[in-house]
Every structure is written in structure tokens, then in C-alpha cells.
Amino acid sequence: MKVLVPVKRVIDYNVKVRVKADGSGVDLANVKMSMNPFDEIAVEAAIRLKESGAASEIVVVSVGVKQAQETLRTALAMGADRAILVLAADDVHSDIEPLAVAKILAKVVADEAPGLVIAGKQAIDNDMNATGQMLAALLGWGQATFASDVAIADGKATVTREVDGGLQTISVALPAIITADLRLNEPRYASLPNIMKAKKKPLEEKTAADYGVDVTPRLSVVKTAEPAGRSAGIKVASVDELVAKLKDAGAI
Amino acid sequence: MAVLLIAEVTGADLALDATAKALSAAKAMGPVTVLVAGAGIAGAAAAAAALDGVTKVLAADDAAYAHGLAEPLADLVVGLAGGFSHIVAPSTASAKNALPRIAALLDVMVLSDVTGVVDADTFERPIYAGNAIQTVKSSDPVKVMTIRTASFEAAGADGSAPVEATASAGDKGLSAWVEDKVAASDRPELTSAKIVVSGGRGVGSEADFALIAGLADKLGAAVGASRAAVDSGFAPNDWQVGQTGKVVAPDLYIACGISGAIQHLAGMKDSKIIVAINKDEEAPIFQVADYGLVADLFDAVPALTQKI
Ligand SMILES: Cc1cc2nc3c(=O)[nH]c(=O)nc-3n(C[C@H](O)[C@H](O)[C@H](O)COP(=O)(O)OP(=O)(O)OC[C@H]3O[C@@H](n4cnc5c(N)ncnc54)[C@H](O)[C@@H]3O)c2cc1C
Ligand SMILES: Nc1ncnc2c1ncn2[C@@H]1O[C@H](COP(=O)(O)O)[C@@H](O)[C@H]1O
């Protein structure tokens, strides 16, 4: 079974985000970019399926700017076999919406015929939490989102999902889409020899136009603003003082 | 303009707080029809009909909707979508699962975690873990969105809308429910509690989380946790507060042994009063805390529990 993993290049999760003074967006020039953390978990899940014999090949796909090559190389160094870069923007500030990404991924799925797609639950830049579900809709496939455990057997995936009240287990017929949550695994680091080897693994370049997908956004950004700030209050010296302050404030 | 609000149903019951908060946002977009989908949901439909400002309740009572599976729910909503300009649901795990699927089937974008309604086409939502608030205008014919409940007050319950049964759209069987592992608790729900007491990695073990729970019980509070506490197995996943967990805005949030990473702050920085107990005076959580106590939580939390 072939597994397809979409990976997004996003601002590194440790970087303090700066809103541009003109309100047009967030400043992404010269900041550290990394693979979306949930996508590292998705790549790791695919590698483990391959190691267990449930998967035979792992193809990673990224949609965006040329620089997403680096993200794909990271996935190849972790253990993916092949990469596809779909160029859909020139400017690092233009984010491709989940609907357009899902439409492109649907075409890639049509070409590659994977038995399973494992995406991340959420991109930590736009915080949309949408692409996997949208791709499942476009393909008419079943979906198992927010996965913390995945087992593949008999043409089905049994997936435990992190939901509001705890955990839910569902079974979904393959091919299907799974989206990875934080507890699915701990992704490995790529070793230096594997980073070297990844440079020779195939990375194919396509464009959104090759797939005939219009990536014009449906949502236009009116403005981007800093959230209302919160200033530090006071330090209390003791539990007694804390209790007194909370009583004064009517909080307890 | 007409809005279809997808009620949150837990088991067969209406999740009142989440639905009533999303209703407040929905009412700003037009007259609201509420869809209640589930199995044995007559009571839930009646509860939805009592919410203030609801025009009509559609009740889809069928086993296909018993466990919130996204595929049958999406097919149901898409079948009902004609005539609605907005399809709205509270930002719960089940709505986040289903709404993007619905949007894609309608060939429109989804707006996740809306925190403000500017007008019928224009909405505010946080991005980058709440480090920026984006105002976006949708050009789609139907606006499909989830509403961040912490940003809206709950609508009242003095209404009496008519309830109409709506036919099931069936189940193609793409996925099947196996089991739920849901811990029953007498504590208030995390997202609707007036007080939340949260523990982080500093709590150190699952056994010591009893300290956090003890303070919570004394205050009638819900219990929350940081990702590190959940990853370490100290607390269950549904207690995680943050960018990728639950978003809470209680009157009082007490963070114990939590450093205050941006991803955690994203889930609690709109709380009215924040208290931080941490032994490291440099911990970033103190930058957002109204009252900070530099102390060992193993001394401070039991003392606090005793003194209130
Ligand atoms: C993609 C992604 C998503 C994430 N989503 C979330 C999320 O939704 N929610 C979330 O919380 N995090 C999230 N994180 C993780 C986040 O970045 C932090 O790692 C996490 O919040 C740290 O948890 P913590 O504060 O409990 O642990 P630490 O950062 O290790 O802090 C522990 C604190 O406890 C204090 N302490 C230790 N012992 C004591 C004691 N005896 N008494 C008092 N204080 C003590 C220490 O001084 C320290 O400040 C996410 C990260 C990523 C990459
Ligand atoms: N531009 C992209 N390229 C590749 N994968 C993407 C892209 N955008 C989103 N994804 C995938 O979809 C998941 C959810 O993203 P989102 O819906 O944007 O929150 C991510 O974790 C990725 O797996």
C-alpha cells in the first residue's frame, strides 16, 4: 500500500510571530521556517507503517512556494521515499487555502492512487484544521481525524481519535484520510547519513496549473491585527495574600 | 440571509452551553434554524427549541447520527443546505471534524474558530496561536464556519420554536463507530466552567494531579492541563488547554506548574483573572497573570485548597 503524506512549510513553532505594521499580515521574511509539527507526526506514522510492513511506499507532497523543497527534503530524510512539490505561489506570504490545497491533493491522489493519506490535524500558521476533511469530501472517502492511534488490517484502519469528552475509536474503510494529533507518536530526527541520502531521493516539481486547479482565495484578508494585549499583574508574596486578593476581586 | 446552526449533541443530549454560545454568533447573521442530529434526540430537539431567537428546529433522528460520524452528518447537512446563506456550528471536536467536509462538498471555504462577526460576509478569527487576529471577507455564496464559544455569551432559553422532523440522508458506511472512552465526571465542563484549575509538567505525576483536582473540587472548578502534562500521561487528552486543545475563558484560571508557552496561552489568555503558581520567577506565564505566586506548587496548592 502506498501512503501519501501532505506536508506544509510553516513558521517554526518557537518563533515569536510579528504582525506587519500595515496590517497586511504576519512578517515571514527571514524567519525560521519548519515542517508543520503535526505533519512530522504524520510522516512518522507513515514510516512506522512501512517499517511494520503495512505500507510499501511513502510519497510526500507540499503545496506552496519553491522553498517548500526544504520541507520535503526533511521528510525524505526522515524516511519518505519520494516527494512532489506543487508550486502554487511565488511570495512566501501567500498562503494557499485548504480548499485549494485539497483540490490539488485530490489530483495527486488520482495520479498516485495511494491506499491511505495521512495529513496533520492542523497547520500551526492558519490554524484551519480543514484540509484533510476537505480532501476526504472531494474524494468521497471516509475520514478519521485527530488520530492518537492507528492500526491497519483487512482493508480497514482502526483509529482512536482525540475528541472533546475523551477518546473515540472508529473503523474506516480504506482508502481513507487520517489526520494526526499530538499523541499519535514522537517523530524521529533525521540522522546525518539519512539527510545525505535524502538529497538523492526523487523530488518532482509540478504547478497548480498542471493540475488545472484555481488557487484564487475565497477569503480575502481585510486586515491582520495584534490581539488585545494583556499586561502582567502583581506578584503576591504568600498564599494568604493570594486568597485575600481573590476575595477582594470577588473571584472566589 | 438564513442561518443553519448545527447543534452540538453529546450522546443524545443537547450540549447546551456550546450550542447557545454559537447561537449568539449565528443570530448576528440572520434568522436561525437549528439542526439537531442524533439518535433518540427528541429531548435535545425540545431543548434547542427553547433557545431564544430560534426560528425552527429540524430534528434528524436516526442511528446514522448516533456517534457524530462526519460522513453521514455531512451528507445530511448538504442535503438541507439549499436556502441557507450560513452554516454554523460551535468549534467542538465533532464540528471541526464535519464542517470542513460540508464546506468542500459545497465547494466553499470553511472559516474555523470565528471569534467575531463584523457583518454577514466578514469575520474575525485568530491565526498563529492567537498571535494575530485576522479579519477576512468571504466571497463564497454560503459561509460555512465554526464559532469559538469562549468569545460569545450564551443565548437564553425562554423561546419556543416549532420542531420539525427531517428525513435521514442515510449512511454510506465509509466509517463505523467502534467505541467511546469517555470518563464520567461530576466536575463542570472545561469550556463552560466559571473557574478552571490547570496543571502542567511541574505537577510531576498522574498521582500528584490529585492536588490539582482537589483544589478544583474545592472551588467547583473544571480541571485543565498543558500539553506536556497530557503527553506525560498525568492527565487525559480532553483536559488539554491551548492552541490545539480547548479554548477557555473562565472568570478565574489558576495555572499550576505551567511555564506559559505561547501554545498554552492561546487557550486561556482571555480568562478574566489569571493566577499563576510557579517556582520559576522568570516563567513567561507571569507575563499574563494578574496574580503571580512564586512558590513550589506542592506547598502552595494544598495551602490554597485549605484556605479557601
Ligand atoms: C504543534 C504544537 C501544539 C501545541 N499545543 C499545545 C496546547 O494546545 N496546549 C499546551 O499547553 N501546549 C501545547 N504545546 C506545547 C507547548 O509548546 C509547551 O511545550 C507546553 O505548553 C509546556 O507545558 P508545561 O508548561 O506544562 O511544561 P514546561 O514548559 O516544562 O513547564 C513546567 C513549569 O513548571 C514549573 N515547575 C516545575 N516544578 C514545579 C513545582 N514543584 N512548583 C511550581 N512550579 C514548578 C517550572 O518552573 C516550569 O515553568 C504545543 C506544541 C506544539 C509544537
Ligand atoms: N500547502 C500545503 N501543502 C501540503 N500540505 C498541506 C498544505 N496545507 C495544509 N496541508 C496539510 O493539511 C493539514 C491541515 O492543514 P490546515 O487545514 O491548513 O490546518 C496539514 O497538517 C498538512 O498535512
Side-chain angles (χ1 to χ4, degrees), chain A residues 11 13 17 19 26 97-99 102 121-122 124-130 133-134 136-138 141-146 148 158 162-173 182-183 218-227 230 232-236 239-240 242-243 245-246 249 251-252, chain B residues 10 70-71 74 92-93 96-97 100-101 103-105 108-110 112-113 122 126-140 174-183 219 227 231 236-238 244 251-252 269 273 275 286-294 300 303-304 307-308:
Chain A
I11 194 165
Y13 82 98
V17 167
V19 174
V26 156
E97 287 178 347
L99 180 63
K121 137 172 153 172
Q122 175 173 338
I124 60 158
D125 50 2
N126 64 26
D127 282 333
M128 279 289 186
N129 190 337
Q133 299 89 312
M134 291 189 133
L138 297 177
W141 290 7
Q143 65 185 57
T145 52
F146 325 149
S148 64
T158 303
E162 293 201 357
V163 296
D164 286 341
L167 296 169
Q168 178 185 60
T169 303
I170 64 172
S171 150
V172 52
L182 294 171
R183 258 72 61 181
R218 305 293 184 86
L219 308 176
S220 58
V221 178
V222 178
K223 68 169 188 221
T224 307
E226 298 256 9
R230 191 171 182 119
I234 56 162
K235 288 252 171 69
V236 291
V239 170
D240 288 320
L242 176 60
V243 172
K245 293 282 184 211
L246 291 176
I252 55 171
Chain B
T10 311
E71 301 87 350
T92 57
K96 286 177 182 169
N97 187 29
R101 188 175 181 105
L105 291 173
V108 301
M109 252 302 279
V110 67
S112 307
D113 271 321
T122 315
I127 53 174
Y128 295 92
N131 278 304
I133 308 294
Q134 203 161 57
T135 306
V136 289
K137 190 173 164 62
S138 166
S139 60
D140 280 323
L174 292 170
S175 63
W177 174 78
V178 178
E179 69 170 338
D180 287 331
K181 278 200 187 125
V182 178
L219 289 165
R227 173 191 174 182
D231 284 5
N237 64 280
D238 50 305
T244 58
D251 294 340
L252 175 61
K269 69 179 160 53
I273 295 181
V275 171
F286 289 123
Q287 291 163 19
V288 299
D290 299 281
Y291 304 111
L293 178 61
V294 180
L304 186 58
K307 288 178 179 172
I308 49 175

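Just the heavy atoms: all of them, side chains too, but no hydrogens, waters or symmetry mates, feed the values below. Every chain is numbered from 1, with letters handed out A, B, ... down the list of sequences.
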Contact winner vs chain B - Ile234(A), Val172(A), Val163(A), Ile252(A), heavy-atom pairs under 4.5 Å:
Ile234(A)

Contact origin within Leu219(B) toward chain A - heavy atom pairs under 4.5 Å
side chain

Would you mind checking which part of Ile133(B) comes under 4.5 Å of any heavy atom in chain A, side chain (CB onward), backbone (N, CA, C, O), both or neither?
both

So, Asn129(A) versus Ser112(B): side-chain donor-acceptor pair below 3.5 Å or not?
no

Gln133(A) side chain vs Lys96(B) backbone, donor-acceptor pair below 3.5 Å:
yes

In terms of heavy-atom proximity below 4.5 Å to chain A, should Thr10(B) be classed as side chain, backbone, both, or neither?
neither

Select, from Lys235(A), Met134(A), Gln168(A), Arg218(A), the one with the greatest count of heavy-atom pairs under 4.5 Å involving chain B.
Arg218(A)

Between Leu242(A) and chain B, with a heavy-atom cut-off of 4.5 Å, which part of the residue counts as in contact: side chain, backbone, both or neither?
side chain

Tell me, for Asp231(B) versus chain A, whether the close heavy atoms (under 4.5 Å) come from the side chain, the backbone, both or neither.
both

Interface moiety of Ala183(B) toward chain A, non-hydrogen atoms closer than 4.5 Å
backbone

Cationic N near anionic O, under 4.0 Å, Arg230(A) to Asp290(B)
yes

Which bit of Glu179(B) comes within less than 4.5 Å of chain A, counting heavy atoms only: side chain, backbone, both or neither?
both

Using heavy-atom distances under 4.5 Å, tell me whether Ala289(B) contacts chain A through its side chain, its backbone, both, or neither.
backbone

Asn237(B) side chain to Leu167(A) main-chain N or O, any donor-acceptor pair under 3.5 Å?
no

